[in-house]
Amino acid sequence: MHARLRTPSSRTPRPAAALVAAALCAGLLAGCTSTPEAGPEGGSGPATADDHGAHAGHADDGKVPVGPLQLPAAEYWSVLQPADGVTQVRAGGCPEDVACPSFEILAGAALDGVDPAAAHLPDGATCPGADALAARAVGEPVESDVEVAGVPATLARWTLSCVDPDGAEVRTVEQLQWHVPDAPGGAVLVVDRWAFEGLGSRLAAGAWASA
């Protein structure tokens, strides 16, 4: 794996934020990682071309359609398509009117006007948690060369500041983005700020629906 930074120094996750993230995950999504540093087997870590051993456990899982991909899904996944080109995977059983653990796959029209090199934070984006704190990207991401379903991709790890209505930072969380510019059906962007269990491994072990 070739990791690279856009700035001379990387950001170190804050211990307090890691503890808060762990508490949130325990209450909202059993598959969440306890810290932002978890690897491919324990969280949404970077599954690279050399990580076949790490994601081999998902290779034989039954795959389900998730937007442009066929992915080995966890049992609690619920797949929705809220808009053209947007596929959302939510924790099954979570009420639709609350901030549910979820990740999104954007393709086609959903990428119009989207800068894949920037943190994807639509209007009103919030951090994980019932307090629905506003999410703001801070600093530059740590980037890694990875693969999604056998196609080269870039994984960007963004630090998000979670701020209250007065603009004060309450905690930080990590948002992961996989950008696949040369996917078989066109560019794809996967966005996860809820630390879904093994998502990097599942993306690496997936297949393209149009391949």
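Residue numbers count from 1 along this sequence.
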Is a side-chain N or O of Glu174 found less than 3.5 angstrom from the main chain of Ala195, in a donor-acceptor match? no

Closest heavy-atom pair, Pro65 versus Val79, reported as atoms and distance to 0.1 Å, is O-CG1, 4.0 Å

Common cluster, Trp194/Val66, ILVMFWY with side-chain heavy-atom separation under 4.5 Å: yes

Between the side chains of Asp164 and Arg171, is the shortest nitrogen-to-carboxylate-oxygen separation below 4.0 Å, so that they form an ion pair? no

Kindly work out whether a path of hydrophobic side-chain contacts (I/L/V/M/F/W/Y, heavy atoms less than 4.5 Å apart) joins Val190 to Leu106. no

Would a 4.5 Å heavy-atom cut-off, applied to side chains only, mark Pro128 and Pro101 as touching? no

List the atom of Ala117, the atom of Trp158, and the distance in Å for their closest heavy-atom pair. O-CZ2, 3.3 Å

same_hphob_cluster(Val188, Leu155) at 4.5 Å side-chain heavy-atom cutoff: yes

Checking side chain to side chain contact (heavy atoms under 4.5 Å, CB included) for the pair Val148/Leu69: CA distance, chi angles, key distance, verdict? CA-CA 9 Å; Val148 172; Leu69 287 157; 4.2 Å; yes

Would Leu176 end up clustered with Ile105 when hydrophobic side chains under 4.5 Å apart are linked, directly or stepwise? yes

Counterpart residues, side chain to side chain contact (heavy atoms under 4.5 Å, CB included), relative to Ala132 (two or more places apart): Thr126

Here the gap from Lys63 atom NZ to Gln70 atom CD, rounded to the nearest 0.5 Å, amounts to 8.5 Å

Going from OG1 on Thr159 to CD on Glu140, what distance comes out if it is rounded to the nearest 0.5 angstrom? 11.0 Å

Any idea which heavy atoms bring Arg202 and Pro72 closest together, and the distance? NH1-O, 2.9 Å

Matching residue for Leu160 among Leu133, Val138, Thr172, Val173 - test: side chain to side chain contact (heavy atoms under 4.5 Å, CB included): Val173

Is there a path of hydrophobic side-chain contacts, each under 4.5 Å between heavy atoms of I/L/V/M/F/W/Y residues, joining Val86 to Val180? no

Checking Ser161 against Glu169 for the side-chain hydrogen bond (donor to acceptor under 3.5 Å, both in side chains) test, could you report, in this order, the C-alpha distance in whole Å, the side-chain angles of both residues, the deciding distance, and whether it holds? CA-CA 6 Å; Ser161 175; Glu169 182 178 282; 2.7 Å; yes

Step by step, work out the side chain to side chain contact (heavy atoms under 4.5 Å, CB included) result for His120 and Val114. CA-CA 8 Å; His120 183 64; Val114 172; 3.9 Å; yes

Would Glu147 and Leu203 satisfy side chain to side chain contact (heavy atoms under 4.5 Å, CB included), going step by step from the backbone distance to the final call? CA-CA 8 Å; Glu147 284 190 358; Leu203 290 170; over 6 Å; no

Pairs satisfying disulfide (SG to SG under 2.5 Å), at least one member in residues 109-138, at least two apart: Cys127-Cys162

Check step by step if side chain to side chain contact (heavy atoms under 4.5 Å, CB included) holds for Gln177 and Leu189. CA-CA 7 Å; Gln177 295 184 188; Leu189 184 68; 4.1 Å; yes

Nearest heavy-atom neighbours spanning Gly85 and Ala110: O-CB, 3.4 Å

Give the minimum heavy-atom separation between Arg90 and Ser102, together with the two atoms involved. CG-CB, 3.9 Å

Got more than 12 heavy atoms from elsewhere within 6.0 Å of CG, Asp115? yes

Quick check for you: to the nearest 0.5 Å, what is the distance between Leu80 atom CG and Glu104 atom CD? 10.0 Å

Might you point out which heavy atoms bring Trp208 and Ala183 nearest each other, and give the distance in Å? CH2-CB, 3.6 Å

Side-chain contact test, heavy atoms from C-beta onward, threshold under 4.5 Å: evaluate it for Pro184 versus Val151 and give yes or no. yes

Is the distance between the ring centroids of Trp77 and Phe103 under 6.0 Å? yes

